[in-house]
Amino acid sequence: MENTFPVLRGVNDLRLASIPGHIASGHLFSETHPIPPLGSNEVLIRMAQVGLCGSDLSLVYKGRLGDFTLTPPIGVGHEASGVVAKCGPDVKHLKPGDRVTIEPGGPCRRCDYCTSGKYNVCEDACFHNSVALYPGCLARYYLHNADLCFKLPDNVSDEEGAFIEPLAVAVHACRKAKIQLGSSVLICGAGPIGLLCLLTAKAMGATNILITDIKENRLKIAKRVGAHHTLLVQDNQPKSLAAKVKDVMGCMPQVTLECTGVQSGIVTGIYATRSGGVLMLVGVGAPEVTLPLVHAGMREVEIIGVYRYINCYQIAIDMIANGLIDVKPLITHRFKFEEFQKAFDMFHTGEDGAIKCMISCE
């Protein structure tokens with residue numbers, strides 16, 4: 001049995017001009033390789049749906065993700081669902097034919113971070129900070145640790161199953177920010193993660209949510225899926241934008257979820273958040289930014305980082321299965337597996353109002 005998948009190669013392979021410290025490509029190749037032997041606690045998954053993410057774009061078009069510089073060859077795709085084709089002998093909770101969603105990567109389970117419950121920051125985990133994710137989930141088949149595969153209920157579709165990974169990010173961020181009934185929340189950025197944070201915050205009881213973006217079409221979707229307020233960002237003036245946030249919301253938000261990773265968004269979050277409130281850094285941007293930390297400190301605005309998720313997959317599955325969150329309106333484009341380059345290029349340019357692009361691997 002063989003597997004076919006897209007892969008990002010280096011600039012020498014592509015004969016493209018290089019940018020120092022980056023992979024100057026954006027061009028993916030399709031490769032076919034034998035499927036490696038199945039481990040005792042692994043499952044072979046016939047892939048169904050893969051969603052494209054902003055981190056995929058950074059990986060492919062910049063060759064880095066935040067602080068992580070990536071070395072090709074690199075597989076792509078990590079928001080995924082599929083059907084179990086084979087199980088290793090020690091796998092007990094899954095069987096061939098089960099539909100699953102995949103928690104990508106894999107913690108070592110031995111270090112202090114893992115044993116204390118912080119497996120998302122395990123230094124030996126394989127995710128996009130290494131080349132171990134090769135191939136990525138965007139493939140005909142994918143071999144993965146069975147413990148990180150979660151069975152999907154019958155009323156959760158394959159496309160919804162591919163949403164579990166980014167939804168888990170939103171769940172982790174909202175839980176860590178302690179959003180609860182009656183919370184007032186500012187969300188900077190109405191991209192896929194920002195919109196999922198909106199849906200999650202509302203499901204958790206937030207009653208006053210404002211979401212910002214530089215694109216009007218994204219704000220229209222945000223309003224359609226439940227935002228109480230929207231605000232179009234038209235200039236790069238954090239203080240004045242923070243004042244507008246207070247005016248529109250009628251208060252300074254208790255929690256700000258910064259989902260852009262852009263410096264101006266983080267600064268806006270510091271000025272906009274009420275004294276004693278929380279600014280949650282969800283988006284991944286430049287490795288270094290300049291911030292008014294003294295202002296934040298003197299008002300006791302807590303600036304908290306969040307990375308991926310911790311034990312959030314089953315919660316995310318249950319939220320969709322029980323009708324607390326509807327992710328289907330966020331799917332704007334669908335592609336066949338053979339159209340992966342077209343999908344990446346269109347999502348990269350943002351044409352046609354792309355929010356979430358789904359690629360069918362079937």
Side-chain angles (χ1 to χ4, degrees), residues 1-9 28-53 55-56 59-60 65 68 70-110 114 119-120 122 124-152 156 158-159 161-166 168 308-309 311 313-314 317 336-338 340 358-362:
M1 183 179 291
E2 291 187 319
N3 187 21
T4 301
F5 52 90
V7 60
L8 178 66
R9 289 290 182 180
L28 298 165
F29 287 89
S30 178
E31 295 187 351
T32 299
H33 296 277
I35 294 175
L38 191 67
S40 61
N41 195 43
E42 290 184 323
V43 289
L44 178 65
I45 301 168
R46 187 177 75 251
M47 301 308 300
Q49 296 287 334
V50 176
L52 297 190
C53 171
S55 60
D56 291 320
L59 182 155
V60 170
L65 180 60
F68 302 130
L70 303 159
T71 304
I74 301 167
V76 293
H78 58 276
E79 302 178 1
S81 67
V83 180
V84 175
K86 292 182 180 180
C87 296
D90 292 340
V91 178
K92 305 301 181 185
H93 69 292
L94 295 172
K95 65 182 184 303
D98 284 344
R99 296 186 310 115
V100 296
T101 182
I102 300 167
E103 181 171 340
C108 75
R109 307 188 185 197
R110 298 180 302 274
C114 288
Y119 71 85
N120 60 325
C122 170
D124 294 324
C126 56
F127 191 58
H128 280 165
N129 57 327
S130 73
V131 295
L133 194 64
Y134 179 78
C137 291
L138 183 54
R140 295 297 190 188
Y141 290 93
Y142 188 68
L143 202 64
H144 201 52
N145 190 314
D147 294 340
L148 296 175
C149 296
F150 298 79
K151 188 175 178 179
L152 294 173
V156 176
D158 292 339
E159 287 188 336
F163 254 107
I164 299 301
E165 197 276 344
R308 299 183 69 202
Y309 28 73
N311 299 321
Y313 258 57
Q314 194 58 55
I317 292 171
K336 297 178 181 179
F337 180 81
E338 295 79 10
F340 57 80
M358 283 286 171
I359 299 179
S360 173
C361 299
E362 297 177 307

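Pro104 is listed as a side-chain neighbour of Arg308, based on a closest heavy-atom distance under 4.5 Å. Contact annotation: the side chain of Ile317 approaches that of Phe150 to within less than 4.5 Å [non-hydrogen atoms, C-beta and beyond]. For the pair Pro96/Lys86, no side-chain contact is recorded, criterion being any heavy-atom separation below 4.5 Å from C-beta on. Using a 4.5 Å heavy-atom threshold, the side chains of Glu79 and Cys53 count as touching. Within the 4.5 Å cutoff, the side chain of Val100 has no heavy atoms near those of the Leu152 side chain. Counting heavy atoms from C-beta outward, Leu94 and Cys149 have side chains that approach closer than 4.5 Å.
Distance check, rounded to the nearest 0.5 Å: CG of Leu38 to CG of Leu143 gives 5.5 Å. Taking CG from Asn145 and CG from Asn41, the interatomic distance works out to 5.0 Å, rounded to the nearest 0.5 Å. Taken from CG in Asp56 to SG in Cys137, the straight-line distance is 9.5 Å, to the nearest 0.5 Å.
Across all their heavy atoms, Leu148 and Gly105 have their closest contact at CD1-O, 3.5 Å. Of all heavy-atom pairs spanning Met47 and Ala80, the tightest one is CE-CB, 3.4 Å. When every heavy atom of Val156 is checked against every heavy atom of Gly161, the shortest pair comes out as CG1-N, 4.1 Å. The heavy-atom pair separating Ala146 from Val91 by the smallest distance is CB-CG2, 3.6 Å. Across Ala162 and Ser81, no two heavy atoms sit closer than the pair N-CB, 3.8 Å. Of all the heavy atoms in Cys108 and Cys122, the pair that sits closest is N-SG, 3.5 Å.
Looking at Lys92 and Asp147, no side-chain N of the basic residue comes within less than 4.0 Å of a carboxylate O on the acidic one, giving no salt bridge. With salt bridges taken as basic N to acidic carboxylate O contacts below 4.0 Å, none links Arg99 and Glu159.
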Fill in: From CA spacing to verdict: side-chain contact (heavy atoms from CB on, under 4.5 Å), Gln49, Phe163
CA-CA 9 Å; Gln49 296 287 334; Phe163 254 107; over 6 Å; no
Discussion item. Let's go through Phe340 and Leu138 carefully: what are the C-alpha distance in whole Å and the side-chain angles of both, what is the deciding distance for side-chain contact (heavy atoms from CB on, under 4.5 Å) to 0.1 Å, and is it a yes or a no?
Written reply: CA-CA 9 Å; Phe340 57 80; Leu138 183 54; 4.0 Å; yes
Worksheet entry | Residues Leu28, Val76; criterion side-chain contact (heavy atoms from CB on, under 4.5 Å); working and verdict | CA-CA 9 Å; Leu28 298 165; Val76 293; 4.1 Å; yes
Discussion item. Please determine whether side-chain contact (heavy atoms from CB on, under 4.5 Å) holds for the pair Ile102 and Tyr142, giving the CA-CA distance in whole Å, both sets of side-chain angles, and the decisive distance to 0.1 Å.
Written reply: CA-CA 10 Å; Ile102 300 167; Tyr142 188 68; 3.9 Å; yes
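Although no hydrogens or angles enter the test, the distance criterion places a donor-acceptor pair under 3.5 Å between the side chain of Tyr119 and the main chain of Asn311. In this structure, the side chain of Asn3 engages the main chain of Arg140 through a donor-acceptor pair within 3.5 Å. A distance-only check finds a donor-acceptor pair linking the side chain of His144 to the backbone of Glu103 [under 3.5 Å]. No donor-acceptor distance shorter than 3.5 angstrom exists from the side chain of Thr101 to the backbone of Lys151, with no hydrogens or angles considered.
Take Arg46 and apply the side-chain contact (heavy atoms from CB on, under 4.5 Å) test, not counting sequence neighbours, and it matches Val83, Tyr141. Remark: Lys95 pairs with Asp98 by the side chain to side chain donor-acceptor pair (under 3.5 Å) rule, at least two apart or across chains.
No side-chain N or O of Tyr313 forms a donor-acceptor pair with one of Glu165 less than 3.5 Å apart.
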